[in-house]
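What follows is a single structure, written as structure tokens, with notes after it.
Keep in mind it's a predicted model, so treat the numbers as computed, not measured.
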Amino acid sequence: MYVLTIDQRGSTNDVDRVPELLEVLGSHPAVRFERSVGDEVQGVLQDPALVVDVALHALRSGRWYVGIGVGQGTLPPEASPREGSGPAFVAARRAVERAKSAASHVPAAVVAGSREREAAAACANAEAVLRLVGRLVQDRTEAQWRVVDALRAKSGAGTEQGPGRHGLQKRVAAELGISEQSVSRAVLRSGWQEEWAARPAVETLLAAAHRLILGNLMPENRTSGNQDGDDNRGEL
């Protein structure tokens, strides 16, 4: 499982932005986040692509610290994320605290819920690439975001068709009332193509860390006489 703990930055001098974030995250049927404590939200995901989506959305505004814990945990069916327990939840807490120490850079961290050295290395690599992509996302201007959001809406949120699909930039230019050259410049300067080229790398590294952690537990499961690890079906 992937546990995300997202804490609001500078909340003592700002309005409570948790309801706004929860409303946006709740628009996806596979994503469930809840307020955990104070100005903090927590959620549990199974898909590394969704993890990247949520993390980059939070980083976009510059108002959130993002901590990602990777590993094993226990969460009863239909239970609140606040009822979860296990190494992945502990790792998410450590991750968000580490993200706060990186606030002058891109405030995101990925921590393995395991002492497995290779898993920790995979998480460190995922964190490094996520921060690089997060920098592209954070540095976009409002004008660039208008173009990127319009292109994403028309191209399937950055699927393989991408911003270069024939005629797409022309249609977005007409919709926004700007020139096609302005759209092209916004795409180039926003780093959108680079973002979508790098996203799979973050997803792959997160998935690799997850496999390493669960794989490291397999010998213990087999020792108990369960060759397929079925005794973990109650855990995510």
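The CD atom of Q72 sits 10.0 Å away from the OG atom of S85 when rounded to the nearest 0.5 Å. How far OG of S179 is from NZ of K170: 13.0 Å, rounded to the nearest 0.5 Å. Atoms CZ and OG, from R32 and S80 in turn, are 6.0 Å apart once rounded to the nearest 0.5 Å.
Q138 approaches P107 most closely through the heavy-atom pair NE2-CD, 3.6 Å. For D39 against W64, the heavy-atom pair with the smallest separation is O-CZ3, 3.8 Å. Smallest separation of non-hydrogen atoms from A92 and T5: CB-OG1, 3.5 Å. The shortest heavy-atom contact between P87 and G113 is CB-O, 3.3 Å. Nearest approach of I213 to A112, heavy atoms of both residues: CD1-CB, 4.1 Å. Across all non-hydrogen atoms, the minimal contact from A109 to A95 is CB-O, 3.2 Å.
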Inset, instruction - Verify side-chain contact (heavy atoms from CB on, under 4.5 Å) between Q169 and V172, making sure each step is shown before the conclusion. - result: CA-CA 5 Å; Q169 292 189 16; V172 166; 5.6 Å; no
Legend entry - Step-by-step side-chain contact (heavy atoms from CB on, under 4.5 Å) determination, V110 to L206: CA-CA 9 Å; V110 183; L206 288 172; 3.8 Å; yes
Inset, instruction - Please report the C-alpha distance between Y2 and H210 in whole Å, then the side-chain angles of each, then the deciding distance to 0.1 Å, and finally whether the side-chain contact (heavy atoms from CB on, under 4.5 Å) criterion is met. - result: CA-CA 8 Å; Y2 305 94; H210 193 263; 3.5 Å; yes
Inset, instruction - Dump the intermediate steps for side-chain contact (heavy atoms from CB on, under 4.5 Å) on Y65 and R9, then the final yes or no. - result: CA-CA 6 Å; Y65 302 105; R9 301 176 67 177; 3.4 Å; yes
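Hydrophobic clustering places W145 together with L151 (ILVMFWY residues linked when any side-chain heavy atoms are closer than 4.5 Å, directly or through intermediates). Both V31 and I6 are part of a single hydrophobic cluster, where members link through side-chain heavy atoms under 4.5 Å apart. Note on V66: it clusters hydrophobically with L22, by side-chain heavy-atom contacts below 4.5 Å among ILVMFWY residues. In the hydrophobic cluster analysis, where Ile, Leu, Val, Met, Phe, Trp and Tyr join through side-chain heavy atoms closer than 4.5 angstrom, V148 is grouped together with I178. When the side chains of ILVMFWY residues are joined at heavy-atom separations under 4.5 Å, either directly or via intervening members, L132 and V202 end up in two distinct hydrophobic clusters.
In this structure, the side chains of F89 and V44 come closer than 4.5 Å at one or more pairs of heavy atoms.
Other residues, nucleotides and ligands place more than 12 heavy atoms under 6.0 Å from the CD atom of E83. Few gaps surround CD on E97; more than 12 heavy atoms of other groups in view lie less than 6.0 Å from it.
In this structure S61 satisfies the side-chain hydrogen bond (donor to acceptor under 3.5 Å, both in side chains) test with no other residue, sequence neighbours excluded. For R94, the side-chain hydrogen bond (donor to acceptor under 3.5 Å, both in side chains) criterion is met by no residue, not counting sequence neighbours. By the side-chain hydrogen bond (donor to acceptor under 3.5 Å, both in side chains) test, S36 is found to be paired with E40, residues two or more places apart in sequence or in another chain being considered. Contacts of P19 classified as side chain to side chain contact (heavy atoms under 4.5 Å, CB included), with partners at least two apart in sequence or in another chain: D16, R35. Listed by chain and residue number, nothing satisfies the side chain to side chain contact (heavy atoms under 4.5 Å, CB included) test with T204 (two or more places apart in sequence, or in another chain). The side chain to side chain contact (heavy atoms under 4.5 Å, CB included) search around L205 returns N125, A126, V129, not counting sequence neighbours. In this view, R189 and Q144, R185 satisfy the side chain to side chain contact (heavy atoms under 4.5 Å, CB included) rule, not counting sequence neighbours. Partners of R140 by salt bridge (Lys or Arg N to Asp or Glu O under 4.0 Å), not counting sequence neighbours, listed by chain and number: E195. R17 is linked by a salt bridge (Lys or Arg N to Asp or Glu O under 4.0 Å) to D14, E20, counting only residues two or more places apart in sequence or in another chain.
Although no hydrogens or angles enter the test, the distance criterion places a donor-acceptor pair under 3.5 Å between the side chain of Q8 and the main chain of V15.
Legend: salt bridge (charged side-chain N to carboxylate O under 4.0 Å, His left out) pairs involving residues 172-181, not counting sequence neighbours, sorted by first then second residue: K154-E175.
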Determine all donor-acceptor pairs shorter than 3.5 Å in which one atom belongs to a side chain in residues 48-60; sequence neighbours excluded.
from, atom 1, to, atom 2, distance (Å)
D53, OD1, R199, NH1, 2.4
R60, NH1, D149, OD1, 3.2
R60, NH2, D149, OD2, 2.8

